[in-house]
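Chain naming here is simple, since letters A, B, ... match the order of the sequence lines and numbering starts at 1 in each.
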Amino acid sequence: MKYDFQTIEAKWQRTWDEQHTFRTVEDLRKRKMYILDMYPYPSGSGLHVGHPEGYTATDIYARFKRMNGFSVMHPMGWDAFGLPAERYAMQTNIHPKLTTEENVNTFRRQIKSLGLSYDWEREVNTTDPQYYRWTQWIFLEIYNAWYDRRADRACPISSLVEELEREGSAKLGLETSFSAKQWKQMSRKEQHDFLTQFRLVYSAEVPVNWCEALGTVLANEEVAEWTEKGYSVVRRPMRQWIMRITAYAERLLRDAKALDWPASTMEQQRNWIGRSEGAEIEFEVEGNQKHLSVFTTRPDTLFGATYMVLAPEHPFVAEITTDRQKISIQEYVKETSLKSDIERGTDKVKSGVFTGAYAINPVTHKKMPIWIADYVLMGYGTGAIMAVPGHDERDFEFAKVFGLEILSVVKGVEPSDGVFTEDGIAVNSSSIELSIDGLPTSKAKDQVVEWLEKKRIGKSAVQYKLRDWLFSRQRYWGEPIPIIHLEDGTAKALSTEELPLELPQLEKFQPSGTTESPLALAQDWVNVVDRETGLKGRRETNTMPQWAGSCWYYLRYLDPQNAKSFCDKEKERYWMPVDLYIGGSEHTVLHLMYARFWHKVLFDLGHLSTNEPFMKLRHQGTILGEDSRKMSKSRGNVVNPDEIVALYGADSFRLFEMFMGPLEEMKPWNTKGVEGVHRFLNRVWRLFVNNEEGILESSIIDSDPTSDFERLYHQTAKKVTEDIEALRFNTAIAQMMIFVNEATKLEQRPRQTMEKFVLLLSPFAPHICEELWTILGHGSTLAMEPWPSFDPSKAIEQEIEVVFQVNGRLRSRTFVPINTDEPGLELRALADANVKKYLDGKKIVKRIVVKNKLVNFVVAEA
RNA sequence: GCCGGGGUGGCGGAACUGGUAGACGCACAGGACUUAAAAUCCUGUAUCCUGCAAAGGGUGUGCGGGUUCAAGUCCCGCCCUCGGCACCA
């Protein structure tokens with residue numbers, strides 16, 4: 001009987017479904033293993049060959065772990081909110097819910113056709129109100145929390161209110177503080193506005209990236225994606241919800257060290273957080289009471305600071321600008337406000353305008369002209385810098401354009417002309433009060449900071465590049481933000497009993513025409529009266545970004561039906577953290593950073609037992625087209641998994657995706673290669689079934705294996721076991737091919753050994769192995785069979801080849817019994833004809849003998 | 001520019017802590033089976049030189065140096081490529 005993969009695969013997929021073979025067994029006595037895939041966005045174009053690569057890898061690992069006696073959690077779900085469905089709705093007025101449902105069905109069917117061992121009873125869908133109810137709930141938890149620096153963790157906002165009621169703001173370390181009595185006398189609005197400064201979710205009028213065509217704002221990190229597609233994005237100020245992720249900058253950085261993540265991913269997260277150490281320094285402004293605060297990583301160059309630069313948006317600009325400069329300053333400020341961050345970055349020549357005002361250098365007491373320039377960003381540090389043109393590339397360029405003074409205060413080992421930005425030795429850095437001449441940079445920094453602190457005009461400081469997370473999107477197809485804007489100007493969060501706040505039904509999905517989302521058009525939904533205060537209010541019309549649902553989906557899988565909580569505490573304690581997480585590297589920064597952030601907040605608030613969600617992370621590499629270029633419709637090199645499965649079967653498809661090369665590497669598709677592994681599976685089939693009736697091959701008999709074949713089995717079991725553990729699937733498959741090649745040659749195939757081989761292959765090609773298992777006479781699935789063991793001592797070759805070298809050149813090779821001792825090896829080498837030829841008439845000056853490896857004679861002319 | 005990965009046959013890729021480079025697969029060539037083809041099976045395949053052959057020798061892991069008895073693997077200096085960041089003071 002032929003290897004009829006279509007029948008076999010359909011049969012076993014049905015069987016697994018009907019018998020709930022992969023239903024998660026929550027056995028607290030067993031060790032647990034949480035194996036997670038990044039869930040997909042179910043797009044209209046269906047699965048492509050890139051998705052199953054990661055899914056197959058985790059599936060092999062999950063099946064392997066089940067057979068090794070672990071309780072395995074291996075779920076799948078849908079990240080189904082998102083712009084494509086909404087854009088489709090704009091064009092067709094078909095509700096995104098319907099499109100999403102259809103796409104999910106396609107994805108599920110395709111994924112199921114690959115025989116992946118997911119527990120489908122745990123499927124989640126971010127667009128299901130019973131799911132996003134908890135997304136909204138978590139949002140409120142974050143909204144109703146603040147970051148207590150003293151405890152270095154998030155606490156409920158109620159704890160802050162209690163403290164204020166008890167002892168005022170004295171212990172909060174604010175610039176101006178008030179008493180408990182004063183707090184109680186504040187109006188509702190005043191209290192509300194004060195708390196806003198602390199909440200982990202706050203709203204603010206901020207310059208955002210507005211895309212008119214999409215009718216929405218974009219996060220900074222999303223801008224590039226859309227401008228590349230030809231959309232134009234402009235800066236404009238808008239009131240937005242923002243999450244205070246910056247409160248967690250240090251912990252996100254610090255805790256990453258303990259994670260088993262790819263080096264490049266860690267590196268990118270570190271860069272994204274962008275920690276830098278330095279000092280904050282206060283500068284006096286001539287003729288003004290106010291001080292100008294700057295952040296610098298090079299306090300040691302203070303003697304070389306010859307001018308100041310403010311970001312055009314800096315609040316001091318209007319105040320300090322002299323009348324003469326007013327008009328040109330205003331023009332410049334307006335100009336920059338229209339530029340996007342990207343435009344600001346790409347302008348090659350430095351621009352700026354003098355304010356007419358001067359600051360005083362605290363060590364040299366020299367006057368420093370204060371300029372504004374768009375190379376200084378309001379969002380980083382204090383939005384102002386001390387310019388040290390001698391030792392900073394950007395300041396140097398600026399100083400050259402405007403003819404500002406350039407001083408040299410740091411000397412390198414080698415004399416350099418122009419700007420010197422590295423560490424060196426301080427020079428020309430002496431005044432009556434402070435001298436750092438001759439000190440290396442790090443010492444000089446310390447001295448200056450010490451002096452600043454003594455004078456109370458500065459202190460050491462740490463800055464992060466990480467910005468707070470813009471959380472509002474002007475879209476329909478997202479989670480509604482559960483907040484009401486009351487007529488007195490305060491915001492009120494819904495209570496948890498009011499969740500889920502469902503999306504209103506809409507007839508049309510076009511942008512509202514204003515800066516609000518289409519939700520603004522649902523008048524009945526938007527306008528409400530607050531029961532508690534009787535105030536009129538409007539619901540927030542912005543929705544959450546697509547990242548929201550994926551920030552916690554891994555927790556919902558653990559307890560998907562729970563109506564009382566987002567996840568049962570006991571279940572969380574058992575299953576978390578995720579032991580293996582596999583997904584695309586495109587999520588390196590955003591998804592992984594946001595999810596870690598939410599996880600830490602929930603941890604701080606006592607909802608979770610773990611401080612990090614994903615212990616071990618790997619990325620699958622991109623699968624390129626057959627032409628080694630990125631797959632795309634326009635190139636016509638897209639491979640559809642459905643076609644491959646139809647032609648060669650899911651087992652061949654899975655096997656090939658794993659055989660192509662290392663999981664994390666980028667590699668080209670090759671349909672001929674699929675034929676190769678398909679041939680391999682055919683050979684496997686014929687090993688067991690090679691007759692018309694489809695019964696067991698007569699060569700499979702109950703007998704002991706030959707010692708050679710037994711050794712090969714142990715070698716194979718060892719390699720496959722170790723390689724699966726290390727996610728090296730390609731080499732595991734190569735070893736199984738070697739096994740099959742040898743088994744094919746045998747006339748008698750020992751049943752026991754052959755059965756174990758079926759188990760070894762089963763995580764990779766589960767359908768065919770289940771069928772062979774049945775043919776071998778077993779009554780039930782092999783999915784829970786114990787993983788075949790091996791004996792490392794039986795995997796060792798008895799005879800091994802060693803090489804003989806003369807002067808490091810290979811002259812001969814021969815087989816010797818394993819562990820032949822060194823003198824024995826040397827004797828054999830000396831007796832070797834070809835070696836003799838090269839020793840003839842020479843003197844042996846050195847002999848290197850390595851057991852089981854080689855003999856090397858170093859010779860010289862006699 | 002900075003940071004991080006990676007350069008091995010015609011192709012995808014193997015190679016433990018420095019110790020036989022090229023496992024396994026694809027492709028290709030020759031052969032067996034067949035009227036023929038497909039399928040299947042067997043053999044060969046880094047490259048150059050000597051040889052009818054058996055065999056032997058040289059070269060070879062991006063390039064140039066170095067360490068070592070011995071380097072794909074370690075060190076120094078380059079080149080190319082992929083990914084990320086990019087006025088972050």
Side-chain angles (χ1 to χ4, degrees), chain A residues 2 262-268 270-272 274-276 278 294-298 301 305 309 311 341-342 344-348 350 373-377 379-388 391-395 397-398 421 463-467 585-586 588-589 619 621-622 628 655-656 659-662 664-677 679-680 682-683 686 722 728 730-738 740-741 744-745 800-814 834 837 845-859:
Chain A
K2 257 187 69 202
S264 64
T265 306
M266 297 276 251
E267 179 72 14
Q268 281 179 53
R270 263 203 300 280
N271 290 344
W272 193 259
R275 184 182 200 272
S276 46
V294 305
F295 174 74
T296 177
T297 54
R298 293 295 298 270
T301 61
V309 187
D341 279 0
I342 296 156
R344 271 171 85 151
T346 47
D347 287 346
K348 287 208 178 75
K350 291 270 180 293
D374 65 4
Y375 82 90
V376 174
L377 308 172
Y380 183 78
T382 62
I385 61 155
M386 65 174 208
V388 186
H391 305 285
D392 181 281
E393 203 82 50
R394 298 148 300 179
D395 298 344
E397 279 170 34
F398 189 82
T421 57
Q463 280 294 332
Y464 302 91
K465 279 204 277 187
L466 184 72
R467 309 288 167 85
S585 56
E586 64 273 22
T588 292
V589 177
H619 303 299
T622 317
S628 290
L655 207 55
F656 177 65
F659 187 59
M660 286 163 79
E664 307 210 42
E665 230 100 293
M666 186 186 284
K667 43 212 175 271
W669 181 261
N670 178 1
T671 300
K672 285 278 187 225
V674 188
E675 287 174 18
V677 292
R679 263 199 289 276
F680 165 69
N682 266 296
R683 285 159 68 91
R686 287 197 306 269
E722 289 169 358
R728 289 188 303 247
N730 53 331
T731 47
I733 295 167
Q735 181 63 37
M736 290 190 282
M737 287 173 167
I738 295 171
V740 168
N741 289 344
T744 305
K745 293 176 193 162
I800 55 165
E801 200 176 24
V802 295
V803 298
F804 300 144
Q805 299 176 326
V806 178
N807 281 346
R809 311 200 80 116
L810 196 146
R811 294 304 175 193
S812 186
R813 48 180 82 194
T814 188
N834 207 39
K837 206 166 84 187
V845 293
K846 194 167 181 181
R847 302 145 197 265
I848 294 105
V849 186
V850 183
K851 211 199 238 175
N852 297 332
K853 294 282 183 200
L854 53 70
V855 177
N856 185 12
F857 295 115
V858 183
V859 299

Checklist outcome for this item: In Watson-Crick or G-U wobble terms, with both distances under 3.5 Å, the base opposite C11(B) is G25(B)

Checklist entry - For G84(B), does either OP1 or OP2 sit under 4.0 Å from a side-chain N or O belonging to Ser585(A)? => result no

Checklist entry - Aromatic rings Tyr375(A) and Phe398(A): how do their planes relate, parallel, tilted or perpendicular, breaks at 30° and 60°? => result tilted

Checklist outcome for this item: Partner of U47(B) under the Watson-Crick or G-U wobble criteria, both distances under 3.5 Å, comes out as G58(B)

Item to check | Leu377(A) side chain, from C-beta outward: closest of G12(B), A89(B), A14(B) | outcome: A89(B)

Checklist entry - Quick one: does Thr297(A)'s side chain get under 4.5 Å of Phe295(A)'s, heavy atoms only? => result yes

Checklist entry - Taking atom CG of Asn271(A) and atom CG of Leu466(A), what is their separation to the nearest 0.5 Å? => result 12.5 Å

Checklist entry - Which nucleotide in the list G56(B), C26(B), C3(B) gets nearest to the side chain of Asn670(A)? => result C26(B)

Next on the checklist: Looking at Tyr380(A), is its backbone amide N or carbonyl O close enough to the side chain of Lys465(A) to form a donor-acceptor pair, meaning the two atoms are under 3.5 Å apart?
Outcome noted: no

Checklist outcome for this item: Side-chain atoms of Glu267(A) come closest, of A89(B), G58(B), G4(B), to G4(B)

Checklist entry - With sugar-phosphate meaning primed atoms plus P, OP1 and OP2, does Gly676(A) contact a base, only sugar-phosphate, or nothing at under 4.0 Å between heavy atoms? => result sugar-phosphate

Item to check | Phosphate OP1/OP2 of G12(B): any Lys667(A) side-chain N/O under 4.0 Å | outcome: no

Checklist entry - Between G13(B) atom C1' and Met660(A) atom CE, what is the distance in whole Å? => result 11 Å

Checklist entry - Which atom names give the shortest non-hydrogen contact between Glu801(A) and Arg813(A), and what distance separates them? => result OE2-CD, 3.1 Å

Checklist entry - Closer than 4.0 Å, any side-chain N/O of Arg809(A) to the OP1 or OP2 of U59(B)? => result yes

Next on the checklist: A14(B), OP1 or OP2 - any side-chain N/O from Asn730(A) closer than 4.0 Å?
Outcome noted: yes

Checklist entry - Across the strands shown, which category fits Pro662(A) at heavy-atom distances under 4.0 angstrom: base, sugar-phosphate, nothing? => result sugar-phosphate

Checklist entry - At under 4.0 Å, does any side-chain N or O of Arg811(A) touch on OP1 or OP2 of U20(B)? => result no

Checklist entry - Val309(A) near the nucleic acid: base, sugar-phosphate alone, or nothing, with a heavy-atom cut-off under 4.0 Å? => result nothing

Next on the checklist: Heavy atoms from C-beta onward define the side chain here; which of G25(B), C82(B), A14(B) lies closest to that of Met666(A)?
Outcome noted: C82(B)

Next on the checklist: Taking A70(B) as the reference, what is the distance to G58(B) when you measure between their P atoms (whole Å, please)?
Outcome noted: 15 Å

Next on the checklist: Given G25(B), G19(B), A89(B), identify the nucleotide with an atom nearest to the side chain of Ile848(A).
Outcome noted: G19(B)

Next on the checklist: Taking only the C1' atom of each, what is the distance from G77(B) to A89(B) in whole angstrom?
Outcome noted: 33 Å

Next on the checklist: Any base atoms under 4.0 Å from Leu854(A), or only sugar-phosphate, or nothing? Heavy atoms, all strands.
Outcome noted: base

Item to check | A38(B) versus A29(B) - spacing of their P atoms, nearest Å | outcome: 12 Å

Checklist entry - Which part of the nucleic acid does Arg728(A) contact within heavy-atom distance under 4.0 Å: base, sugar-phosphate only, or nothing? => result nothing

Item to check | Same-atom distance (C1') from C28(B) to C16(B), integer angstrom | outcome: 33 Å

Next on the checklist: So, OP1 or OP2 of C41(B): does either fall under 4.0 Å of a side-chain N or O from Arg683(A)?
Outcome noted: yes

Checklist entry - Do any N or O atoms from the side chain of Arg683(A) and from the backbone of Met737(A) form a donor-acceptor pair under 3.5 angstrom? => result no

Item to check | Base-pairing assignment for G4(B) (Watson-Crick or G-U wobble, both under 3.5 Å) | outcome: C82(B)

Checklist entry - Which of the following nucleotides, G25(B), G19(B), A89(B), is nearest to the side chain of Thr296(A)? => result A89(B)

Item to check | Base paired to G64(B) (Watson-Crick or G-U; both N/O distances under 3.5 angstrom) | outcome: C76(B)

Item to check | Among C69(B), U59(B), G19(B), the one nearest Val858(A) by side-chain distance | outcome: C69(B)

Checklist entry - Looking only at side-chain N and O atoms, does Asn741(A) come under 4.0 Å of OP1 or OP2 in G25(B)? => result yes

Item to check | Test item: Asn807(A) side-chain N/O and Val859(A) main-chain N/O as donor-acceptor pair under 3.5 Å | outcome: yes

Checklist entry - Expressed in whole Å, how much space separates the C1' atoms belonging to A21(B) and A46(B)? => result 10 Å

Item to check | Side-chain donor/acceptor contact of Lys672(A) with base of C11(B) under 3.5 Å | outcome: no

Checklist entry - Nearest to the side chain of Arg679(A), which nucleotide is it out of A14(B), C26(B), A89(B)? => result C26(B)

Next on the checklist: Using atom P in both nucleotides, what's the gap between C63(B) and G44(B) to the nearest angstrom?
Outcome noted: 30 Å

Next on the checklist: Categorize Gln268(A) for me: base, sugar-phosphate, or nothing, with a 4.0 angstrom heavy-atom threshold over every strand shown.
Outcome noted: sugar-phosphate

Next on the checklist: Please name the nucleotide paired to U40(B) by Watson-Crick or G-U wobble geometry with both distances under 3.5 Å, or report none.
Outcome noted: A32(B)

Checklist entry - Taking the side chain of Lys837(A) as its heavy atoms from C-beta onward, which of G56(B), C24(B), G19(B) lies nearest to it? => result G56(B)

Checklist entry - Heavy atoms under 4.0 Å, any strand shown: does Gln805(A) hit a base, just sugar-phosphate, or nothing? => result base

Item to check | Closest-nucleotide 5' rank along RNA chain B - winner of Val589(A) and Glu675(A) | outcome: Glu675(A)

Item to check | Distance between C1' atoms of C78(B) and C85(B) (Å, rounded) | outcome: 24 Å

Checklist entry - When we call it a touch if two heavy atoms are under 4.0 Å apart, what does Asp395(A) touch: a base, just sugar-phosphate, or nothing? => result nothing

Checklist entry - Of the candidate nucleotides C85(B), U20(B), A89(B), which contains the atom at the shortest distance from the side chain of Lys465(A)? => result C85(B)

